[in-house]
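The structure under discussion appears below in the form of structure tokens.
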Amino acid sequence: MSRKPRKIEWIKYTGKPPYMCNGYLIVKIDGKKVTFGGRCTESSGTDYPQFWDCGKFENPNLDWDFWRFDEEPIEKELREFSDEEKHILKKLWEEKAPRKECWGCVDD
């Protein structure tokens with residue numbers, strides 16, 4: 001029998017231009033503040049790794065309004081999350097994450 005999904009609420013995302021994908025996602029899970037992020041930044045203090053990127057580094061022709069989910073950390077590091085909870089995280093990201101240009105990884 002599967003357990004009831006935990007309540008996941010968006011708090012904020014800290015990425016800012018020109019490094020829009022280089023921020024921290026902060027959510028509440030059952031009332032506890034949880035932080036995701038740190039692929040391009042110092043990850044100390046985060047609970048889980050970043051599971052998104054702009055995809056622009058690998059494909060400069062991608063539309064800037066595009067966020068890509070990195071399935072490796074989702075599957076490896078978020079094992080304690082049910083499939084429904086992973087879906088909720090992705091959906092929150094798609095609905096709430098800012099849609100702005102990110103040039104940091106391309107220009108570095």
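Within the structure, every pair that satisfies the salt bridge (Lys or Arg N to Asp or Glu O under 4.0 Å) test and touches residues 5-24, not counting sequence neighbours, is listed here: Arg6-Glu80, Arg6-Glu85.
In this structure, Thr14 contributes its side chain and Tyr24 its backbone to a donor-acceptor pair below 3.5 Å.
Of the inter-residue distances, the one linking Ile8 atom CD1 with Lys86 atom NZ reads 11.5 Å to the nearest 0.5 angstrom. To the nearest 0.5 Å, the span separating CD on Glu84 from CG on Leu89 amounts to 11.5 Å. Taking OH from Tyr48 and CG from Leu25, the interatomic distance works out to 12.5 Å, rounded to the nearest 0.5 Å.
Val34 and Ile26 fall into different hydrophobic clusters, where Ile, Leu, Val, Met, Phe, Trp and Tyr side chains are chained together by heavy-atom contacts under 4.5 Å.
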> Going through the distances and angles, do Ile88 and Phe81 end up as a side chain to side chain contact (heavy atoms under 4.5 Å, CB included)?
Replying inline: CA-CA 10 Å; Ile88 291 167; Phe81 289 77; over 6 Å; no
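Considering every non-hydrogen atom in both Lys33 and Asp47, the closest pair reads O-OD2, 4.0 Å.
Residues passing the salt bridge (charged side-chain N to carboxylate O under 4.0 Å, His left out) test with Lys96: none are found, sequence neighbours excluded. Residues satisfying the ring-ring contact (aromatic ring centres under 6.0 Å, His included) test with Tyr13, not counting sequence neighbours, are Trp52, Trp93.
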